[in-house]
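Please read the structure below before turning to the comments.
Treat the numbers as computed from the prediction; the structure is a model and nothing was measured. The figures here come from the full heavy-atom set of this structure, side chains too, leaving out hydrogens, waters and symmetry mates. As the structure lists them, so they are numbered: ligands from 1, and atoms in each ligand from 1.
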Amino acid sequence: MITKTRSHVIGDFSIPSDKFHKWMIKSYNTLYDGTGEGSKMRGWLNWPKEYYVSEEYRTLKSTAKEIREKSDIVIVIGIGGSYLTPQMIIHSEYGDYYNELASKNGNPRIYFAGRDLSPEHLKQIIEIVSGVDWSIIYISKSGGTIEPALSFHTLWELLEKQYGKEANQRVYAVTDSSKGILKGLANDGDWRSFIIPDDIGGRYSGFTACGLLPIAVAGINTDKLLKGAIDAVNDCYYNPSSFAGKYAEWRYYNYEERTNSVEVYAVNTPFLAYFSEWLKQLFGESEGKDGKGLFPASIIIPTDLHSLGQYLQEGLRDLICETFFDRDFKKNVKIPKVSLKDNLKIREGKKFTQAAAAAMDGAYNAHSEGGNACSYVRFGSTLEDMGYLMQTMFVACAVSAYMLGVNPFDQPGVESHKVKMQSSSKWDE
Ligand code: PA5
């Protein structure tokens, strides 16, 4: 069943029965009616439309320009929903080489900190910023998350040493509108601040300044991203036949009827490696509660076909369903005619896009034959397509969580580890 949305985002979700169709429609309407658990946190449903014409968005773009002009390097500090969107979009545009290409493209180099507690990683960042002009974008909705806070303290000390009072003009905060530790710091230092609205949780905040400020600093066109998201806002509105509705139903069918426990996102390019991480956070944190939910995992095709491919093909059965994300490539390479004597001659003149398509096709067919339920999402390589897909996934995820009977917008498990970490005896050893 091919679900057409924008001409460049297409989903194929085959569901053998309509057993859960009515339940999906009910859950879909629950989201839009605002009658489900956590309904106060649905600010993201219409956000791209509101933000696109807002004053803050205009300021965001001019601030991004200013940051670009005065910084050779920008350190983005955040964790979870407060770093995954910018990391994902920068990576989906540039793959592993944004920083290597930065000066050629007239962009500042960008590094992410605060998403881990590795002293080795932080030391590298300290070394990297020494002797250059640099700035910090510090993102935390609550403002109190320990990993980013610790990295910030360390980097702030350096920034202050280098710039004195001017350091305050080199920190940009993205946080709550009125409360939290970061908001207080931003007020004290008179730092330029942007808001994550009260009714938008971390993993749904990609189209707020949390995602858009670092993305704009990277020289990526945020208007295009938002325009795609706005198309999805319109297409999804009270429309259970949308891509989002179909995908939610497909996931629930596999979870409930086929008793699958794992969903694997299979992407066709390493440029989408962080897209998978973003999906894992969105679905894993929204659904994995009350003893329920598909565990989200990911592979890159063909890389991981030579490792996990074996398990996917022949490991435990009735465990896994797979969603194949097949993105168009912006560039191509022709397989050349060479004088080497091997049996690759028959591929001469073919293109890498054909080889990549063959790998996706081969894996899809082999894994389907192996017994996994497989769905297929094809999308274009533009920022509009990415924006569309992101907003659609927000809706699919919220509907899917309502189908499971869980609150899509809280994260009690995450909160509990945060508390346990603060009170751990390891701090005293
Ligand atoms: O989705 C969520 O709410 C979480 O993953 C948060 O984004 C993450 O824990 C970081 O929280 P904060 O932005 O408050 O530092």
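In summary, the atoms of ligand 1 found under 4.0 Å from a heavy atom of Arg203, numbered by their order in the structure, are 1 (O), 2 (C), 3 (O). Close contacts of ligand 1 with Lys141, meaning ligand atoms under 4.0 Å from a residue heavy atom, involve 12 (P), 13 (O), 14 (O). Close contacts of ligand 1 with Ile79, meaning ligand atoms under 4.0 Å from a residue heavy atom, involve 7 (O), 8 (C), 10 (C). Numbered from 1 in the order shown, with element, the atoms of ligand 1 that lie under 4.0 Å from a heavy atom of Lys418 read 9 (O), 11 (O). Distances below 4.0 Å separate heavy atoms of Gln411 from the following atoms of ligand 1: 3 (O).
In this structure, Arg115 contributes its side chain and Pro148 its backbone to no donor-acceptor pair below 3.5 Å. Between the Ser62 side chain and the Thr59 main chain, a donor and an acceptor come within less than 3.5 Å of each other.
Of the candidates Ser142, Gly144, Ser286, Gly81, Ser142 brings a heavy atom nearest to atom 14 (O) of ligand 1.
No cation-pi contact links Arg109 to Tyr98, judged by a cut-off of 6.0 Å to the six-membered ring centre and 45° from its axis.
In this pair, Phe379 and Phe275 present their aromatic rings tilted. The plane angle is within the 30 to 60° band.
With hydrogens and angles left out, the side-chain atoms of Arg68 and Asn107 include a donor and acceptor closer than 3.5 Å.
Among protein heavy atoms, the minimum distance from atom 4 (C) of ligand 1 is reached at Glu285 OE2, 3.3 Å. The protein heavy-atom contact nearest to atom 5 (O) of ligand 1 is Gln281 NE2, 2.7 Å.
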Phe409 vs Tyr204, ring pair (Phe, Tyr, Trp, His ring centres under 6.0 Å): CA-CA, chis, key distance, verdict: CA-CA 9 Å; Phe409 308 119; Tyr204 295 85; 5.2 Å; yes

